[in-house]
Amino acid sequence: MKFITKLVLLLSVALVATACGNQVDSSKEGNKDDKLTIWAWDESFNIKAANEAIKAYKEKENAKDAEFEVVTMAQEDIVQKLNTSLASGNTEGLPEIVLIEDYRIQGYLTSFPDAFEPLTDIVNEKDFSSYKFGINKVGKEIYGVPFDSGVAGLFYRTDYLEEAGYQAKDLQNITWETYINIAKDVKVKTGKNMIGLNPSDLGTLRIMMQSAGGWYLEDGKTVNIANNNILKEALKVYVELMNSGTVTLTPDWNAGVSAINNGEVASSPTGAWYAGTIMGSEEQSGKWAISEIPRLGAVKDSINASSIGGGGWYVLKGVGNSETAKDFLKETFASDADLMNTLAKEIGLVSTLNAAAETENYQSPSEFFSNEKIFQNFSTWSGEVPVVNYGLHTYAIENIFTEYVQKIVDGADINKTLEDAQKQIEASI
């Protein structure tokens, strides 16, 4: 029964994410007894980062002599394999190092407290954006090396906004309520919608909540839907936005990207990692800029900083040479600002390592984004993101809650609907 309970708990947070081919990129050096295997997804981002880190590590004077194997695997496959192996207690076939999304890690650390190596001795909390430690710690023990920042920003088309009579200063330090008013002006004067939204993806709602330090759960454990004032105010703004006549509804990720690249929408409030996607449309170079994410005007604690997405590197206990794995992470992702500088150029990484902000590429302007120092800005905003414990059930909650959000958008009473949602979510998780 204990096995079944743990397996069901972890499977409840599983979400199909970016799928990649099952390719293996290995660097054959060193003693096979010191072989380190790394699992991650997204060949153009996370996998490339891992391989760049390996190159940097091998150039260090005191690097341990180790062989590396970097395995590209769809995130859903990583989740499934970790769930099954950890629940059974059989670590055979697991990697020494694995990348885990921030929204998922508390599920693992809570359900399998002895499955991960503590990394408190190699990670200095003061060296990173503080919000990352709301999710990679248990008590005072740190278990993950923070990697990419999910810090949010307001990407916007300068040409559309200027046509509607707005300048860069008009997009700074604004509320979501102001954003909606601007959106209406843009629609009237340019005919363009302000934003593309997928009703099945509540990422924008998450951004709104975290800007005020709120979440679906209280202390990462107790379902907090019906009496959650931050969630309620975020929903009011979300409903107003959805019903403003300024939204292009998108059924999936690809449709959202098309809306951006085809020039259908004037802005996208989302994570820093989206910069590369926007830059996929080269003819739009110089027509984009980035400002702080809007805040909730009706919530006094809401600020113009939030996050969506991001992940960290973790070492599995009892798998291979954990000391070598820890040394690799210590010398690379946990401290190497030069590596972060390289990754900013190579993959567009916005690192949560504070020292990265002082490197050359973080200080350089981006021609695509109106010659702004976007990496420097994102680094600054990353340090301001409110700390939130996402807990175990973010995706499981949203799988249920999406239906209730749509009811509210369609005019259902918000208080009654949230009460009903609270009951179903409590019964389910």
Side-chain angles (χ1 to χ4, degrees), residues 49 101-103 105 119-120 122-137 140 142-155 171-175 203 206-215 230 269-275 289-296 299-313 329 332-345 347-366 369 372-390:
E101 189 183 27
D102 288 349
Y103 291 137
I105 186 57
L119 304 182
T120 312
I122 70 166
V123 177
N124 186 339
E125 193 166 341
K126 294 181 180 179
D127 289 344
F128 293 88
S129 299
S130 60
Y131 81 92
K132 279 286 189 172
F133 297 93
I135 47 88
N136 71 357
K137 293 176 69 175
K140 295 183 178 180
I142 299 171
Y143 286 90
V145 177
F147 178 43
D148 59 325
S149 175
V151 60
L154 175 57
F155 297 83
L171 277 295
Q172 296 170 358
N173 193 32
I174 64 172
T175 65
R206 272 181 254 141
I207 290 174
M208 293 178 181
M209 284 193 293
Q210 183 156 4
S211 75
W215 207 248
I230 293 174
T270 189
W273 37 262
Y274 202 61
I290 310 172
S291 187
E292 310 100 320
I293 201 71
R295 67 183 186 278
L296 294 170
V299 182
K300 71 173 184 176
D301 292 331
S302 181
I303 64 173
N304 294 97
S306 191
S307 178
I308 177 170
W313 301 99
L329 291 179
T332 56
F333 293 112
S335 63
D336 193 340
D338 289 335
L339 173 62
M340 301 305 112
N341 183 55
T342 298
L343 294 177
K345 179 179 179 181
I347 66 173
L349 173 72
V350 176
S351 173
T352 52
L353 183 66
N354 295 332
E358 303 303 320
T359 63
E360 180 181 358
N361 289 326
Y362 278 74
Q363 295 285 333
S364 300
S366 166
F369 291 103
E372 293 180 346
K373 296 181 179 180
I374 64 169
F375 288 106
Q376 186 181 64
N377 289 342
F378 277 129
S379 293
T380 298
W381 302 335
S382 182
E384 298 169 354
V385 175
V387 178
V388 168
N389 183 348
Y390 302 133

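Only this structure's heavy atoms are used, side chains among them; waters, hydrogens and symmetry mates stay out. None of these values were measured; they are calculated from a predicted model.
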Would you give the length of the straight line joining atom [atom1] of [X] to atom [atom2] of [Y], rounded to the nearest 0.5 angstrom?
X	Y	atom1	atom2	result
Ile303	Ile293	CD1	CD1	11.5 Å
Ile105	Lys137	CD1	NZ	14.5 Å
Ile347	Trp273	CD1	CH2	14.5 Å
Met340	Asn354	CE	CG	12.0 Å
Asp102	Ile308	CG	CD1	11.5 Å
Leu353	Leu339	CG	CG	9.0 Å

Original post:
According to the salt bridge (Lys or Arg N to Asp or Glu O under 4.0 Å) rule, which pairs have a member within residues 332-343, sequence neighbours left out?
Top reply: Lys60-Asp336

Subject >> side chain to side chain donor-acceptor pair (under 3.5 Å) partners of Lys373, counting only residues at least two apart >> reply: none

Original post:
Taking only residues two or more places apart in sequence, or in another chain, which ones meet Asp148 in a side chain to side chain donor-acceptor pair (under 3.5 Å)?
Top reply: none

Student check: side-chain heavy atoms of [X] and [Y] closer than 4.5 Å:
X	Y	result
Val123	Phe133	yes
Leu329	Ile122	yes
Met208	Ile230	no
Ile290	Tyr274	no
Val385	Gln210	yes
Asn304	Trp381	no

Original post:
Which residue, Ser382, Ser351, Ser379, forms the side chain to side chain donor-acceptor pair (under 3.5 Å) with Ser129?
Top reply: Ser382

Would you say [X]'s side chain and [Y]'s backbone share a donor-acceptor pair under 3.5 angstrom?
X	Y	value
Glu101	Gly310	no
Arg295	Ala305	no
Asn136	Tyr143	no

Which heavy atom of [X] sits nearest to which heavy atom of [Y], and what is that distance?
X	Y	value
Thr352	Phe147	OG1-O, 3.0 Å
Glu372	Ala289	OE2-CB, 3.5 Å
Ala272	Val350	CB-CG2, 3.6 Å
Ser130	Val387	O-CG2, 3.8 Å
Gly311	Lys132	O-NZ, 3.0 Å

Original post:
For Phe375, which residues count as a ring-ring contact (aromatic ring centres under 6.0 Å, His included) partner, sequence neighbours excluded?
Top reply: Tyr362

Original post:
Quick one: ring-ring contact (aromatic ring centres under 6.0 Å, His included) partners of Trp215, sequence neighbours excluded?
Top reply: Tyr103, Tyr390

Original post:
Going by the angle between their ring planes, with limits at 30° and 60°, are Phe155 and Phe378 parallel, tilted or perpendicular?
Top reply: tilted

Subject >> Residues Thr120, Lys140; criterion side chain to side chain contact (heavy atoms under 4.5 Å, CB included); working and verdict >> reply: CA-CA 8 Å; Thr120 312; Lys140 295 183 178 180; over 6 Å; no

**OP:** Establish, from distance only, whether the side-chain atoms of Glu292 and Gln172 form a donor-acceptor pair under 3.5 Å.
**Re:** no

**OP:** Scan side-chain atoms only and decide if Ser211 and Ser302 contain a donor-acceptor pair under the 3.5 Å cut-off.
**Re:** yes

Original post:
Who pairs with Ala334 by side chain to side chain contact (heavy atoms under 4.5 Å, CB included), at least two apart in sequence or on another chain?
Top reply: Val145

